[in-house]
Amino acid sequence: MPELPEVETIKNDLEKEVLHKKIIDIEVNLPRIIKFPTIEQFKAVLKGKFIEGVKRRGKYIQCFLDSGDCLIFHLGMSGLILYQKKNENINSKIKQQHNHLFFFFEDGSQMIYNDIRQFGKIWLIKANEELPEIKSLGWEPLEESFTFQEFAGIIHNKKGNIKSLLMNQKNIAGIGNIYACEVLFTAGIHPLRQGNSLTDNELRKLYLSIRSTLTRAVQARGMTLEDESYRDLMGEPGNYKEEVLIYGKRKGNCPACGQPLSVIRIESRSTFLCPICQKNKPVKLKKNG
DNA sequence: AAAGTAACCTGCCCGC
DNA sequence: TGCGGGCAGGTTACTT
């Protein structure tokens, strides 16, 4: 589900709602979600602590506590973090049976971890330690230090297809299936092109497309598809669906040339493209040609 | 190095 | 109406 824009939206919402709140109790209904430490330690450490900072790194959310501990979320495919004020109910479209974890605050409000497919993960570690998963992440695509030179440097010498390179979190952190499709369409590049086959001009278009697409999607508070699975902290959908160009449009036409879009599979993920506007597909040479 | 597959889960949609 | 297959925003492990 959530890629950089969705996770960034939740992080921003958390900063607004849960900062300086004291956790007084925790309820765990699905222990499997918590990867470290044990459930008992998890509860014992969190009880009585204040959330004093929230950050995002790639698709991970880090909540820093006053005790020097750090609560980390990865939302997997369908994870939601929801906030419910005292005596208020969240959006009724969200199914309560998938509420797996409750954090009760002193003021009567609560933070809920909800996850239909249960692929999400939660850790509680010391803030001065780093999760190996986070340590190995690549560039933050919206940071100023991520320049065109840096982007070209990680792509231009790699043989793999450009879509997989973009989705590999060790190269760039936060791009998933939706935004990989969108960004390649905007840049007019076929998803199966090899990284080392891209011209300087193509790399430039792709770099600008990554920056502008992700920025717009953050401004729109992320993308909620027809199934309405992604929600922000208040249970509300994101608005990027209004702006999405090709992702999910199985019977749609290209917004640029009007021809039918096509869907291929790359690493068993549906990949949307316009065969006309992204026609520079690599030529497969026959043996003994 | 790169590409493919399966695994972890639940729910929904489609075709028969 | 019911059932099976395929698919869904992610990541990892393992195999070719």
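Sequence lines set the chain letters: A, B, ... in the order given, protein chains first and strands last, and positions in each chain run from 1.
- In this structure, CD of A/E267 is placed 13 Å from P of C/dT12, rounded to the nearest angstrom.
- Close to C/dT11, at under 4.0 Å from its OP1 or OP2, lies a side-chain N or O of A/H74.
- From the 5' end on, the contacts that DNA chain B makes with chain A at under 4.0 Å to a non-hydrogen atom open and close at B/dA2 to B/dC12.
- With sequence neighbours excluded, no residue forms a side-chain hydrogen bond (donor to acceptor under 3.5 Å, both in side chains) with A/E15.
- Between A/D107 and A/K21, at least one side-chain N (NZ, or NE/NH1/NH2) sits under 4.0 Å from a carboxylate O, which counts as a salt bridge.
- Here the separation of B/dA1 from C/dG10, taken at their C1' atoms, is 22 Å to the nearest Å.
- One atom, CD of A/E182, and another, C1' of C/dG9, lie 12 Å apart when rounded to the nearest Å.
- Judged by distance alone, the side chain of A/S109 and the main-chain N or O of A/Q84 form no donor-acceptor pair under 3.5 Å.
- Using atom P as the reference point in both B/dA6 and C/dG5, the two lie 14 Å apart (nearest Å).
- A salt bridge links A/E8 with A/K11: at least one charged nitrogen is closer than 4.0 Å to a carboxylate oxygen.
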Decide yes or no on side-chain contact (heavy atoms from CB on, under 4.5 Å) for A/T224 and A/N239, but give the supporting numbers first.
-> CA-CA 7 Å; A/T224 300; A/N239 305 313; over 6 Å; no
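- Between the P atoms of B/dG11 and C/dT11, the separation comes to 22 Å (whole Å).
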List the atom pairs, donor and acceptor, that lie under 3.5 Å between side-chain atoms in residues 246-255 of chain A and the rest of the protein, sequence neighbours left out.
| residue | atom | partner | partner atom | Å |
| --- | --- | --- | --- | --- |
| A/K249 | NZ | A/V244 | O | 3.1 |
| A/K249 | NZ | A/L245 | O | 3.4 |
| A/R250 | NH2 | A/S270 | OG | 3.0 |

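- Atom P of nucleotide C/dG10 and atom CG of A/D115 are separated by 13 Å, given to the nearest angstrom.
- If you check every strand for non-hydrogen atoms under 4.0 Å, A/K95 touches sugar and phosphate atoms only.
- Atom P of nucleotide C/dG10 and atom OH of A/Y230 are separated by 14 Å, given to the nearest angstrom.
- No hydrogens or angles considered: a donor-acceptor pair under 3.5 Å links the side chains of A/Y179 and A/E6.
- Rounded to whole Å, atom C1' of C/dG10 lies 13 Å from atom CG of A/L137.
- Listed by first residue number, the stems of DNA chain C with at least three Watson-Crick or G-U pairs below 3.5 Å are B:2-8 with C:10-16, B:10-16 with C:2-8.
- A donor atom on one side chain and an acceptor atom on the other are found under 3.5 Å apart for A/S164 and A/N161.
- With hydrogens and angles left out, the side-chain atoms of A/Q62 and A/R56 include no donor and acceptor closer than 3.5 Å.
- Spacing of C1' atoms, C/dG6 relative to B/dT5, comes out at 16 Å, to the nearest Å.
- Summarising the geometry, the separation between CG on A/L166 and C1' on C/dT11 is reported as 17 Å, rounded to the nearest angstrom.
- Under the 3.5 Å distance criterion, with hydrogens and angles disregarded, a donor-acceptor pair is assigned to the side chains of A/T271 and A/K163.
- Residues passing the side-chain hydrogen bond (donor to acceptor under 3.5 Å, both in side chains) test with A/R57, sequence neighbours excluded: A/E140.
- Residues from residues 268-275 of chain A lying near DNA chain B, meaning a heavy-atom separation below 4.0 Å, are absent.
- Here A/K59 reaches the OP1 or OP2 of C/dT11: one of its side-chain N or O atoms lies under 4.0 Å away.
- Annotation: of the two residues near DNA chain B, A/G160 and A/F119, the 5′-most nearest-nucleotide partner is A/G160.
- When the side-chain nitrogen and oxygen atoms of A/Q169 are compared with OP1 and OP2 of C/dT11, one or more of them lie within a distance under 4.0 Å.
- For the residue pair A/D69 and A/S67, a side-chain donor N or O sits within less than 3.5 Å of a side-chain acceptor on the partner.
- Comparing A/R117 and A/S136, the nucleotide of DNA chain C nearest to each residue sits closer to the 5' end for A/R117.
- Residue contacts shown for A/L225 include a base, since a base heavy atom lies under 4.0 Å away.
- Using a 4.0 Å cut-off, some side-chain N or O of A/R265 falls inside it from OP1 or OP2 of C/dA8.
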